Amino acid sequence: QVQLVESGGGLVQAGGSLSVSCAASGRGFSSYTMGWFRQAPGKEREFVAAISASGFSTYYADSVKGRFTISRDNAKNTVYLQMNSLKPEDTAVYYCAAVYTFSKNYVARSPHEYDIWGQGTQVTVSS
């Protein structure tokens with residue numbers, strides 16, 4: 001089982017860019033579907049993006065489609081989220097999540113499908 005540690009959050013002005021990373025320790029990273037979720041104060045955790053174990057399939061929330069890009073480097077046990085054209089409503093704690101999948105092209109989208117979570121990293125977008 002892997003453990004996850006996010007990094008790269010911070011403060012950015014609206015319209016700017018930021019990249020967050022999630023490093024996994026443990027064995028078998030290339031067999032895990034990886035996802036990014038976010039939670040703003042007073043709101044429920046919401047899906048942002050996910051990538052299959054193979055890296056060939058991705059899925060995005062409509063709110064970030066065209067602005068955010070999820071990618072992974074299985075050799076480095078790391079998944080990335082590149083965020084461009086950031087908006088104040090993107091402000092949230094961003095969580096990395098993982099779930100072991102037998103299908104290497106499956107993309108899990110619901111938080112209930114994931115069973116391993118990082119501690120989160122704060123992203124703040126100022127207007």
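Because only heavy atoms are used, hydrogens play no part in the values below, and waters and symmetry mates are left out as well, while side chains stay in. Computed from a predicted structure; not experimentally measured.
Distance check: Ser19 OG to Met83 CE gives 7.0 Å after rounding to the nearest 0.5 Å. The distance from the SG atom of Cys22 to the OH atom of Tyr94 is 15.0 Å, given to the nearest 0.5 Å. Between the OG atom in Ser21 and the CG atom in Leu4 there is a gap of 12.5 Å [rounded to 0.5 Å]. The CZ atom of Arg72 lies 7.0 Å from the OG atom of Ser52; values are rounded to the nearest 0.5 Å.
Taking Ile, Leu, Val, Met, Phe, Trp and Tyr as members and joining any whose side-chain heavy atoms lie under 4.5 Å apart, directly or through other members, the hydrophobic cluster of Tyr95 also contains Phe37, Phe47, Tyr59, Val93, Val99, Val107, Tyr114, Trp117. Residue Phe56 shares its hydrophobic cluster (ILVMFWY side chains chained together at separations under 4.5 Å) with no other residue.
When all heavy atoms are compared, the tightest approach of Tyr60 to Ile70 is OH-N, 2.9 Å. In terms of heavy-atom proximity, Asp115 sits nearest to Ala98 at OD1-O, 3.1 Å. Closest approach of Trp36 to Val20, counting heavy atoms only: CH2-CG2, 3.7 Å. Pairing each heavy atom of Phe29 with each of Asp73, the nearest pair is CE2-O, 4.1 Å. Nearest heavy-atom pair, Gln82 versus Ser17, reported as atom, atom and distance to 0.1 Å: NE2-CB, 3.9 Å.
Sorted by first and then second residue, the side-chain hydrogen bond (donor to acceptor under 3.5 Å, both in side chains) pairs involving residues 24-33 (not counting sequence neighbours) are Ser31-Lys104, Thr33-Thr101. Residue pairs meeting the salt bridge (Lys or Arg N to Asp or Glu O under 4.0 Å) criterion with at least one member in residues 53-68, sequence neighbours excluded: Asp62-Lys65, Arg67-Asp90.
Side chain to side chain, Asn105 and Ser54 meet the donor-acceptor criterion of an N or O pair below 3.5 Å.
Taking hydrophobic clusters as Ile, Leu, Val, Met, Phe, Trp and Tyr residues chained together by side-chain heavy-atom distances below 4.5 Å, Tyr80 does not share a cluster with Ile51. In the hydrophobic clustering of this structure, Tyr100 groups with Met34; members are Ile, Leu, Val, Met, Phe, Trp, Tyr whose side-chain heavy atoms approach within less than 4.5 Å, directly or through other members.
Taking Thr91 as the reference, Gln122, Thr124, Val125 meet the side chain to side chain contact (heavy atoms under 4.5 Å, CB included) condition, with sequence neighbours excluded.
Inter-residue side-chain proximity for Arg38 and Leu81 is flagged as unmet; no heavy-atom pair is nearer than 4.5 Å.
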Evaluation steps, side chain to side chain contact (heavy atoms under 4.5 Å, CB included), between Tyr106 and Glu113: CA-CA 12 Å; Tyr106 177 71; Glu113 297 184 79; 2.4 Å; yes
Under 3.5 Å donor-acceptor pairs involving side-chain atoms of residues 6-16, not counting sequence neighbours:
residue : atom : partner : partner atom : Å
Glu6    : OE1  : Gln119  : N            : 3.0
Glu6    : OE1  : Gln119  : NE2          : 3.4
Glu6    : OE1  : Gly120  : N            : 2.9
Glu6    : OE2  : Cys96   : N            : 2.7
Glu6    : OE2  : Gly120  : N            : 3.2

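In the displayed structure, Gln3 atom CD is contacted under 6.0 Å by at most 12 heavy atoms of other residues, nucleotides or ligands.
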